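In what follows, every chain begins at residue 1, and chains take the letters A, B, ... in the order their sequences are listed. This is a predicted model, so every value here is computed, not measured. Scope of the values below: all heavy atoms of this structure, side chains included, with no hydrogens, waters or symmetry mates.
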Amino acid sequence: MDLSLSTRTVTGRGGDRTVVEVGGEIDVYTAPKLREQLVELVNDGSYHLVVDMEGVDFLDSTGLGVLVGGLKRVRAHEGSLRLVCNQERILKIFRITGLTKVFPIHNTVEEAVEATD
Amino acid sequence: MATVELRFSAQPEHVRTARLVAAAVARRAGVDEAALDEVRLAVGEACSRAVGLHRSHGIVAPVRVVLTEEEKAFSIEVGDEVPGAGRGAAAGVEGAEPEAEGEGADDQMGLAVISGLVDDVEVSSDEDGGVIRMSWPANPASAGS
């Protein structure tokens, strides 16, 4: 299954948040598309991103690298990058790489959009 | 003797095929259903790394994946043809910096994921290239069809 991406803007307590809904597989082949999308959003001035990973079937270290790259970019603009993920198989990869300490991970898009800390 | 051997040109789009084949053969070999996600991820990481190494070194030879059903284990070997690559990269695991971007960082994070996922893993390398060897317990009697 290929990667699907869609974005929308949702207004939360802290202001506008750009929700990037990702579906399918994020691997060495598809990760560059996600990277392009995140770079484009930051270049267009969206510095508060919520990446919704509920539709992701597979994530590898290339995908993790892209998310870390996105985080670096938004932080350069005092922004934020939050993840939405409830799937144990995906969360496991964040845990073994220690990235649960790097990314705020939320249960729902609503929760991520409203988060301000 | 190898149960299934796969060779694919070092293109990112073929890594998914290797994952699917490895998971299918592992299931047949009797690897626990709960470990199949690990097999899929680990073989994907090893193949992505090999593809990256071949491409960055301009090597046109295919990446090699050998899936072997043993008596009580299922093993996977992913081989690249970049001399000495495994040694350098293996040494990099401990000092991996996930904050860094770029091919080198992806490579190290890939190895970090493999070593976190798989209990039985060996990374070796010589002048002909590197091999990542991983194995999982298997019970052929419980294998599905």
Side-chain angles (χ1 to χ4, degrees), chain A residues 1-4 23-39 42-43 53 56-76 79-81 83 85-105, chain B residues 8-20 22-23 33-56 63 78 89 92-94 96-119 121:
Chain A
M1 194 174 158
D2 213 345
L3 185 75
S4 67
E25 301 187 339
I26 311 176
D27 72 354
V28 64
Y29 179 52
T30 60
K33 289 177 206 159
L34 178 60
R35 180 184 287 125
E36 275 166 34
Q37 173 78 84
L38 297 179
V39 168
V42 174
N43 288 346
M53 304 187 58
V56 173
D57 305 311
F58 181 86
L59 172 75
D60 73 3
S61 65
T62 328
L64 292 177
V66 168
L67 293 171
V68 170
L71 182 66
K72 252 174 74 173
R73 283 192 174 81
V74 295
R75 277 188 177 164
S80 62
L81 192 157
L83 303 177
C85 182
N86 287 301
Q87 301 185 70
E88 186 48 38
R89 67 208 291 205
I90 305 288
L91 289 171
K92 186 175 179 180
I93 308 162
F94 285 95
R95 271 200 296 272
I96 60 176
T97 50
L99 290 173
T100 43
K101 297 189 193 87
V102 175
F103 291 103
I105 301 178
Chain B
F8 64 92
S9 60
Q11 304 290 338
E13 58 266 41
H14 298 319
V15 172
R16 179 171 190 260
T17 305
R19 286 201 303 270
L20 296 175
E33 207 55 39
L36 291 178
D37 273 343
E38 289 174 17
V39 172
R40 199 174 289 121
L41 182 56
V43 80
E45 294 292 353
C47 289
S48 303
R49 177 175 176 274
V51 166
L53 285 169
H54 276 210
R55 287 165 73 90
S56 61
V63 171
V78 177
V93 172
E94 284 172 28
E97 288 175 37
E99 314 273 342
E101 260 188 289
E103 207 166 294
D106 281 350
D107 174 43
Q108 290 177 357
M109 197 150 29
L111 277 177
V113 169
I114 292 172
S115 50
L117 271 181
V118 190
D119 294 332
V121 58

Undergrad: Given the options B/Gly44, B/Ser48, B/Cys47, which has more heavy-atom pairs under 4.5 Å with chain A than any of the others?
TA: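 Of the candidates given, the most pairs with chain A belong to B/Ser48.
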Undergrad: On the six-membered ring of A/Phe58, is B/Arg40 placed so that its NZ or CZ lies under 6.0 angstrom from the centre and within 45° of the ring axis?
TA: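 No; the conditions do not both hold, so B/Arg40 does not lie above the ring face of A/Phe58.
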Undergrad: What are the two closest non-hydrogen atoms of A/Ser61 and B/Val113, and how far apart are they?
TA: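 Answer, listing the atom of A/Ser61 first, then B/Val113: CB-CG2, 4.1 Å.
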Undergrad: What I want to find out is whether A/Asp27 reaches B/Arg19 closely enough, with some N-O distance under 4.0 Å, to be called a salt bridge.
TA: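 So A/Asp27 pairs with B/Arg19 through a salt bridge.
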Undergrad: For atom CG of B/Asp119, decide whether the heavy atoms of other residues, nucleotides or ligands shown that lie under 6.0 angstrom number more than 12.
TA: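 Check fails, neighbour count at 12 or below.
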Undergrad: Test of understanding: with side chain to side chain contact (heavy atoms under 4.5 Å, CB included), list the residues that count as partners of B/Ser9, not counting sequence neighbours.
TA: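 B/Ser9: side chain to side chain contact (heavy atoms under 4.5 Å, CB included) contacts with B/Gln11, B/His14.
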Undergrad: Measure the CD-OG1 distance between B/Glu45 and A/Thr62 for me, rounded to the nearest 0.5 Å.
TA: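 Spacing of CD (B/Glu45) from OG1 (A/Thr62) equals 6.0 Å.
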Undergrad: Can you tell me how far CG of A/Leu99 sits from CE of B/Met109, rounded to the nearest 0.5 angstrom?
TA: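 These two atoms lie 6.0 Å from each other.
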Undergrad: Taking salt bridge (Lys or Arg N to Asp or Glu O under 4.0 Å) as the test, write out the residues that go with A/Asp60, two or more places apart.
TA: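 For A/Asp60, no residue satisfies salt bridge (Lys or Arg N to Asp or Glu O under 4.0 Å) once neighbours in sequence are set aside.
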Undergrad: How long is the span from the NZ atom in A/Lys92 to the CG atom in B/Asp37, to the nearest 0.5 Å?
TA: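 With rounding to 0.5 Å, NZ (A/Lys92) is 8.0 Å from CG (B/Asp37).
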Undergrad: Between B/Val15 and A/Val28, which heavy-atom pair has the shortest distance, and what is it?
TA: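 Here B/Val15 and A/Val28 meet closest at CG2-CG1, 3.7 Å.
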